**Student:** 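Got a structure here, written out as structure tokens. Questions coming.
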Amino acid sequence: MKRICEFYGSKPQFICCSATIANPRGAGGSAHRGSLHPGGAQWRAAGEKFFIFYNPPVVNRQLGIRRSYIHESRRVALEFIERHLQTLVFANNRWPRRCW
């Protein structure tokens, strides 16, 4: 893409973001084939964050069975979303059926 833009006289600015790559400068530099200028902490989101660990309620105390964590995750996430809260949910990615 950079070569095509340069061919037509354009010099685009590429903005690369990652929250999961250990070496973003190396990964971005090899993909971009140019110099990168790290944004640093001033570019990161600085909003308040909450981490919630939730244990579903017990439905059968004798057997120690709890309510489905998949359905409880869905219920809690939907409640947050309805209140317009930015929400990130980690869940299984190989669930055999759709539960949403």
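These numbers come from a predicted model, not from an experiment. In this chain, numbering begins with 1 at the start of the sequence shown.
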**Student:** Are more than 12 heavy atoms, taken from residues, nucleotides or ligands other than Leu85, located less than 6.0 Å from that residue's CG atom?
**Tutor:**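 Check passes, neighbour count above 12.
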
**Student:** Has the side chain of Ser10 got a donor or acceptor atom that lies under 3.5 Å from a matching backbone atom of Tyr8?
**Tutor:**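 No, because the side chain of Ser10 does not come within donor-acceptor range (under 3.5 Å) of the backbone of Tyr8.
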
**Student:** What's the shortest heavy-atom distance between Val59 and Arg67, and which atoms?
**Tutor:**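 Of all heavy-atom pairs spanning Val59 and Arg67, the closest is CG1-N, 4.0 Å.
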
**Student:** Closer than 4.0 angstrom, basic N to acidic O: yes or no for Arg3 and Glu6?
**Tutor:**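 Salt bridge: no.
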
**Student:** With rounding to the nearest 0.5 Å, note down the distance linking CZ in Arg66 to CG in Asn60.
**Tutor:**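 The distance works out to 11.5 Å.
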
**Student:** Do the non-hydrogen side-chain atoms of Pro56 and His71 ever get within less than 4.5 Å of each other?
**Tutor:**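 Not in contact.
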
**Student:** Looking at Tyr54, I want to see if its OH is surrounded by more than 12 non-hydrogen atoms of other residues, nucleotides or ligands under 6.0 Å.
**Tutor:**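 Buried by this count: over 12 neighbours within 6.0 Å.
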
